[in-house]
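For the single chain, residues carry numbers from 1 onward in sequence order. Note that the structure is a prediction, hence the values are computed from the model and not measured.
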Amino acid sequence: MALYFTDVFSGSADWIVTDPHAQGTIVKVSQGTGYLNPKYQYQYSLAKNAGRLLGLYHYAGGGNPIAEANYFLSHIQDKLGQAVLAVDWEQYQNAAWGDTTWVQQFVDEIHRQTGIWPLIYVQESAIWQVANCVSDCGLWVAKYASMDWHSWTVPAMTVNTSPWQTYTL
C-alpha cells in the first residue's frame, strides 16, 4: 500500500498541509544556518492535529555541514522521535552542489547527536552525489511525470535508485 505525503514550506497553503489525500506531511524547517521557516511550528502542529504522519527537513545551503546540522537540530529538539528527519539536497541555493562529501557529513552529525539517520531528498539524476550514504539513509527521490501533473495517482514510470535498491519516498 502506498502512503501519500505533502511536502510543505512557508509558501504552502494550509489546505496542502492537511490535504485529505495524504497520510503524512513533511515540513521544511530550515535552510543553511540563517533561515527558519516562519510557519514551521504552525504547519507541524496543523499536520499533527490532523493525525498525519510527520516529517521535518533541512534544505542544504552548502555551508559547513556540521553547522547546518546543528542549526537544524537546534530547532527540532522537542520533536525528535515524533517525526522522520530528512535533508533536502538540491542545486538551487546550494553552494556545495556537486560535493559528494557534504550530505555524508550532515547525516553523520545528525546521527551522532540523535541516533537517527535522516532520509535524503535528491533528484534522480543527482543520486550519485549522495551514494556514499546508501548503507545508512533512506532515499526520498524526486521525479515527476511532468511539471503539469496534478494527481494523487502515481504514474507508471521507471525510477533509477541505484545504488539504493528502492526508494523510501
Take Phe72 and Val87 through the side-chain contact (heavy atoms from CB on, under 4.5 Å) test and state the conclusion after the steps. CA-CA 10 Å; Phe72 177 52; Val87 59; over 6 Å; no

What's the spacing between Ser12 OG and Asp19 CG if we round to 0.5 Å? 11.5 Å

Going only through I, L, V, M, F, W and Y residues with side-chain contacts under 4.5 Å, is there a path from Ile66 to Ile110? no

Donor-acceptor pair, side chain of Glu68 and main chain of Gly62, under 3.5 angstrom: yes

Testing the basics here: between Ala126 and Trp97, what is the closest heavy-atom pair and its distance to 0.1 Å? CB-CH2, 3.4 Å

Mind checking whether Tyr59 and Val141 sit in one hydrophobic cluster, side chains of I, L, V, M, F, W, Y counted as touching below 4.5 Å? no

Can you confirm whether Leu54 sits close enough to Lys48 that some side-chain heavy atom of one is under 4.5 Å from a side-chain heavy atom of the other? yes

Side chains of Val84 and Ile26: does their closest heavy-atom pair fall under 4.5 Å? no

Leu80 and Leu85: side-chain contact (heavy atoms from CB on, under 4.5 Å), yes or no, with the steps? CA-CA 8 Å; Leu80 292 175; Leu85 305 183; 3.8 Å; yes

Could you state the interatomic distance from OH (Tyr57) to CG (Asp7), rounded to the nearest 0.5 Å? 4.0 Å

Shortest non-hydrogen contact from His21 to Tyr4? O-CB, 3.6 Å

Is a side-chain donor-acceptor pair under 3.5 Å present for Tyr35 with Ser10? yes

Mind running side-chain contact (heavy atoms from CB on, under 4.5 Å) on Ser30 and Asn37 for me, showing each step along the way? CA-CA 6 Å; Ser30 54; Asn37 172 359; over 6 Å; no

Classify the ring geometry between His58 and Tyr71 as parallel (under 30°), tilted (30 to 60°) or perpendicular (over 60°). perpendicular

In residues 158-169, what donor-acceptor pairs under 3.5 Å come from side-chain atoms, sequence neighbours left out?
from: Asn160; atom 1: OD1; to: Ser162; atom 2: N; distance (Å): 3.0
from: Thr161; atom 1: OG1; to: Trp164; atom 2: O; distance (Å): 2.9
from: Trp164; atom 1: NE1; to: Cys137; atom 2: O; distance (Å): 2.7

Holding to side-chain hydrogen bond (donor to acceptor under 3.5 Å, both in side chains), I want the full list of residues that pass it with Gln129, two or more places apart in sequence or in another chain. Trp89

Give a yes or no on whether the backbone of Val17 and the side-chain of Thr25 come within a donor-acceptor separation of less than 3.5 Å. yes

Distance-only, no hydrogens or angles: does the Arg52 side chain make a donor-acceptor pair with backbone N or O of Ala50 under 3.5 Å? yes

Once you round to the nearest 0.5 Å, how far does OG of Ser74 lie from CG of Leu36? 8.0 Å

Under a plain distance cut-off of 3.5 Å, with no hydrogens placed, do Asp108 and Gln104 share a side-chain donor-acceptor pair? yes

Side chain to side chain donor-acceptor pair (under 3.5 Å) between Gln105 and Glu109: does it pass, once the steps are laid out? CA-CA 6 Å; Gln105 292 175 72; Glu109 185 62 18; over 6 Å; no

Does any non-hydrogen side-chain atom of Phe5 lie less than 4.5 Å from one of Gln23? no

Point-to-point distance, once rounded to the nearest 0.5 Å, from CG of Asn132 to OG1 of Thr101: 8.0 Å

Gln31-Gln93 side chain donor-acceptor pair, cut-off 3.5 Å: yes

Could you verify whether a donor N or O on one side chain and an acceptor N or O on the other, from Gln43 and Asp14, lie under 3.5 Å apart? no

Less than 3.5 Å apart, any donor N or O on the side chain of Gln82 or Tyr44 sitting next to an acceptor on the other? yes

Between Val103 and Ile120, is there a side-chain heavy-atom distance shorter than 4.5 Å? yes

Before giving the answer on side-chain contact (heavy atoms from CB on, under 4.5 Å), spell out for Tyr40 and Leu56 the whole-Å C-alpha distance, their side-chain angles and the decisive distance to 0.1 Å. CA-CA 9 Å; Tyr40 134 66; Leu56 300 168; 3.8 Å; yes

Looking at every non-hydrogen atom in both residues, tell me the closest pair between Ala142 and Tyr121 and how far apart they are. CB-OH, 3.3 Å

Could you grab the distance from atom CD1 of Ile16 to atom CG of Leu46, nearest 0.5 Å is fine? 11.5 Å

Would you give the length of the straight line joining atom NE2 of His111 to atom CD1 of Ile116, rounded to the nearest 0.5 angstrom? 9.0 Å

